[in-house]
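This one's a predicted model, so the numbers in the text were calculated from it and none came from an experiment. First the proteins, then the strands, lettered A, B, ... as listed; each starts at 1.
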There are 4 protein chains.
Amino acid sequence: MNEVELGETSGARRVRRHDPERRTRILDAALDVLVAEGAAGITHRKVAARADVPLGSVTYHFSSLAELQAQAFDWYVEQRTAEFESLFTEVEAREDLIEVLVELVQGGPSRRRSAVLGFELHLAALRDPALRALTQKWTRDSRAVLSRFTGPEIAGRLDALLEGLIMHALLATEPEPREATHAAIAQALPPLTGRDT
Amino acid sequence: MNEVELGETSGARRVRRHDPERRTRILDAALDVLVAEGAAGITHRKVAARADVPLGSVTYHFSSLAELQAQAFDWYVEQRTAEFESLFTEVEAREDLIEVLVELVQGGPSRRRSAVLGFELHLAALRDPALRALTQKWTRDSRAVLSRFTGPEIAGRLDALLEGLIMHALLATEPEPREATHAAIAQALPPLTGRDT
Amino acid sequence: MNEVELGETSGARRVRRHDPERRTRILDAALDVLVAEGAAGITHRKVAARADVPLGSVTYHFSSLAELQAQAFDWYVEQRTAEFESLFTEVEAREDLIEVLVELVQGGPSRRRSAVLGFELHLAALRDPALRALTQKWTRDSRAVLSRFTGPEIAGRLDALLEGLIMHALLATEPEPREATHAAIAQALPPLTGRDT
Amino acid sequence: MNEVELGETSGARRVRRHDPERRTRILDAALDVLVAEGAAGITHRKVAARADVPLGSVTYHFSSLAELQAQAFDWYVEQRTAEFESLFTEVEAREDLIEVLVELVQGGPSRRRSAVLGFELHLAALRDPALRALTQKWTRDSRAVLSRFTGPEIAGRLDALLEGLIMHALLATEPEPREATHAAIAQALPPLTGRDT
DNA sequence: AATGAATGAGTGTTCATTCAT
DNA sequence: TATGAATGAACACTCATTCAT
């Protein structure tokens with residue numbers, strides 16, 4: 001809807017005829033660099049190399065490095081929100097919910113990239129008000145999903161708890177026992193309200 | 001004798017021949033820069049300017065920027081651990097504990113610097129194993145303090161919850177109501193075990 | 001069209017948009033610096049200044065200073081080999097050969113640059129195996145040229161003798177008499193074998 | 001004679017009561033660095049580290065880096081001249097002389113340090129007139145020693161040849177056969193004149 | 001006599017960004 | 001539309017040298 005092949009007149013992002021996924025490939029590469037080296041390490045050159053595109057291609061598609069970073073975070077949140085939502089499609093009972101959240105926290109290396117990016121975004125947003133709009137929307141969306149099961153108040157607490165648990169899991173040398181995570185989440189989660197019981 | 005503490009009128013730097021606190025001043029300056037600009041923004045020059053010492057002085061006292069950063073984080077944790085511990089000296093009943101923790105989360109701009117540095121350290125530690133030793137010791141110490149009131153298991157959950165609440169507080173545009181924070185902490189905190197009831 | 005070769009009056013640098021010989025100019029400048037200040041004195045900035053290009057241009061064309069030095073030496077050997085070969089095109093008799101070699105040793109300031117660079121290369125090659133490949137090719141080529149007149153064994157000795165004579169000539173405050181050089185070379189050169197007598 | 005324990009009044013170098021060999025140890029360390037890294041690599045710090053003395057000790061004993069280098073070369077030539085002279089004490093016949101010189105050229109890694117330093121000095125002297133006085137004295141002395149066996153003219157040629165042979169030996173990946181070196185020297189060496197036949 | 005602290009100049013290198021093509 | 005060449009600012013770091021002690 002907001003992307004047209006031809007005839008665009010506004011200043012909105014163009015779509016290229018050839019290699020239409022180049023933009024996304026660059027964004028993914030930027031996220032890769034972000035995970036690997038942190039916000040300090042992101043440069044046009046590294047992103048270009050990782051995306052396997054010429055240097056000029058990066059500066060062509062993104063008017064500045066800050067813009068590239070911002071759009072990469074946009075893209076990240078977009079993906080992560082969808083993924084987060086999809087986790088709950090089959091949740092029916094309280095125990096299902098707990099199980100999903102435990103998996104979210106414990107989810108091994110596969111979840112690491114995602115988690116690291118989340119914290120990078122949070123920290124970047126501390127200093128960049130433009131990004132703060134994004135984190136707020138993200139938080140709101142996450143809580144909304146949880147709220148469907150818990151009500152808004154519990155959702156907020158749960159969200160904070162998950163954040164802390166994930167950070168600790170990332171930093172721990174040896175993984176927390178699954179039962180401990182389970183107990184922590186269960187304690188925060190009274191009998192479900194919401195669409196089901 | 002040839003150096004006067006007071007009466008400096010110009011902004012120009014004085015010759016400081018004997019300056020035994022220079023190291024610490026540089027470390028504090030590094031933390032200031034870290035708060036203001038993040039790990040990405042720390043440079044010898046900015047630190048030197050903030051500490052009001054010549055550039056060469058920073059490289060003289062710290063053999064590399066990584067080393068400076070590491071020692072700054074050490075210094076931060078040392079201070080913060082002491083401060084954290086002192087918060088609990090007068091805690092006697094469950095409600096005291098809750099109150100202290102709510103204050104920790106809500107504590108306004110005065111606590112901002114401290115909190116931001118904590119998250120910067122966490123993020124840096126994700127990539128630097130040397131820093132991970134520091135975060136682990138820090139986490140261990142924090143939990144030990146909490147454990148005196150709650151037992152180890154609850155302490156762990158509580159610590160995670162606090163981490164998440166603080167991050168959300170930092171990012172929120174308008175502060176969470178104090179009651180919400182209170183309720184979240186209270187929920188995580190069963191009747192006290194430990195040295196008192 | 002918008003750039004004029006002549007008529008530059010100020011020392012200021014012009015914008016040079018299309019400058020296909022820039023690489024070579026940088027290499028020549030590097031050799032100039034090498035002659036003037038030795039391997040110890042070569043820096044990006046000096047080379048840039050001598051080549052009349054911006055600093056960034058040097059680092060753009062050569063990925064490191066070592067690479068610049070290596071390519072400069074390559075370029076030097078390429079030129080010098082050709083020059084060396086051309087010296088012998090008209091040599092027919094033994095006396096012609098001697099005369100050419102005497103000139104090689106005695107050849108005044110015009111030859112100084114070339115000779116100094118040769119020794120710089122030798123010394124650099126002592127520590128850098130990559131350069132050693134270059135000196136070996138160079139030595140092989142030089143000897144091959146001499147061999148056409150003398151056979152390989154004599155060529156080797158002659159080559160060593162010339163090297164020593166040139167070094168001494170460079171270091172002497174007053175030039176060796178031409179006859180002494182002549183005699184030294186003549187002694188090392190038995191009746192010619194090779195393509196002529 | 002030129003070094004007194006006490007009561008020095010002139011500006012000449014002092015002798016320290018403690019650690020009287022520190023000066024020489026520093027000079028040897030400087031030569032080590034020179035061999036290892038070339039003239040480009042010599043710094044106060046590296047020399048101090050190699051000599052295992054404090055940084056201040058180097059600047060205390062030598063008023064500048066150039067002075068340190070110059071005195072290191074002095075010290076080198078002094079040692080090498082003595083060593084060179086001693087090589088010939090037992091030379092009686094032409095074949096002895098040849099044998100000594102072949103050994104000089106072929107002498108393996110043990111001679112490498114010495115040879116490298118010789119070329120470093122030559123190259124440095126190309127640009128520093130003060131050092132040129134030293135190289136000239138050195139050359140004169142070497143030739144004088146050879147002259148005792150060969151007469152001055154032959155000594156000069158021989159000296160040049162040796163220089164070239166040594167350089168080639170240093171740069172060659174596989175050593176020249178001993179016979180080739182022998183033949184080269186023998187050819188340059190007519191029946192001996194001098195103190196013996 | 002001896003040395004560690006200190007500093008400003010200078011190094012190689014990386015980089016965001018601009019621009020001609 | 002797309003890109004390689006280009007450049008000036010900034011970076012981390014090294015260093016010779018000075019100086020108080």
Residues touching DNA chain E, which here means a heavy atom under 4.0 Å, drawn from residues 30-52 of chain A: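 Heavy-atom contacts with DNA chain E come from Ile42(A), Thr43(A), His44(A), Arg45(A), Lys46(A).
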Starting from [atom2] on [N], measure out to [atom1] on [X] and report it in whole angstrom.
X: Leu55(C); N: dA6(F); atom1: CG; atom2: C1'; result: 12 Å
X: Tyr60(C); N: dG8(F); atom1: OH; atom2: P; result: 15 Å
X: Arg23(B); N: dA6(E); atom1: CZ; atom2: P; result: 11 Å
X: Gln69(C); N: dT13(E); atom1: CD; atom2: P; result: 11 Å
X: Ile26(A); N: dA16(E); atom1: CD1; atom2: C1'; result: 15 Å
X: Glu67(D); N: dT17(F); atom1: CD; atom2: P; result: 11 Å
X: Phe62(C); N: dA6(F); atom1: CZ; atom2: P; result: 11 Å
X: Glu21(B); N: dA5(E); atom1: CD; atom2: P; result: 16 Å

Given that both pair distances must be under 3.5 Å and the pair must be Watson-Crick or G-U, what runs of three or more consecutive pairs involve DNA chain F?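 In DNA chain F, stems of three or more pairs: E:2-21 with F:2-21.
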Let me spell it out: for each of Thr59(A) and His61(B), pick the nucleotide of DNA chain E with the closest heavy atom. Which residue's pick is nearer the 5' end?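 Whichever sits nearer the 5' end wins; that is His61(B).
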Tell me, do Val58(D) and Arg45(D) make a side-chain contact under 4.5 Å, heavy atoms counted?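 Val58(D) does not reach Arg45(D) side chain to side chain.
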Could you tell me if the side chain of Leu27(A) sits less than 4.5 Å from the side chain of Leu68(A), heavy atoms only?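 They are in contact (side-chain heavy atoms under 4.5 Å apart), so the answer is yes.
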Report the residue (Ser63(D) or Leu65(B)) whose heavy-atom-nearest nucleotide on DNA chain F is the more 5′ of the two.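 It is Leu65(B) whose nearest nucleotide is closer to the 5' end.
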Toward the 5' end of DNA chain F, by each residue's nearest nucleotide, Gly56(D) or Gly56(C):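 Counting from the 5' end, the first nearest nucleotide belongs to Gly56(C).
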Whether the side chain of Tyr76(D) engages the backbone of Gly118(D) through a donor-acceptor N/O pair (distance < 3.5 Å, no angle test) should be reported.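 Yes, Tyr76(D) side chain to Gly118(D) backbone: donor-acceptor pair under 3.5 Å.
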Do the side chain of Arg22(C) and the main chain of Ala51(C) share a donor and acceptor less than 3.5 angstrom apart?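 Side chain of Arg22(C) to backbone of Ala51(C), a donor-acceptor pair under 3.5 Å: no, none is there.
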Charged N to carboxylate O below 4.0 Å: is that the case for Arg113(A) and Glu120(A)?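 The answer is no: the pair does not qualify as a salt bridge.
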Indicate yes or no: does Glu37(D) engage Lys46(D) in a salt bridge with an N to O separation below 4.0 Å.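 Salt bridge: yes.
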Walk me through whether Arg23(C) and Phe62(C) qualify under side-chain contact (heavy atoms from CB on, under 4.5 Å). CA-CA 9 Å; Arg23(C) 249 188 75 93; Phe62(C) 301 92; 3.6 Å; yes
Can a side chain N or O of Ser57(D) be found less than 4.0 Å away from OP1 or OP2 on dT3(E)?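 Yes.
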Partner of Val47(A) by side chain to side chain contact (heavy atoms under 4.5 Å, CB included), out of Asp28(A), Leu65(A), Leu34(A), Val33(A):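 Single side chain to side chain contact (heavy atoms under 4.5 Å, CB included) partner of Val47(A) among Asp28(A), Leu65(A), Leu34(A), Val33(A): Val33(A).
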Would you please test Thr135(D) and Phe73(D) for side-chain contact (heavy atoms from CB on, under 4.5 Å) and show each step? CA-CA 9 Å; Thr135(D) 56; Phe73(D) 277 134; over 6 Å; no
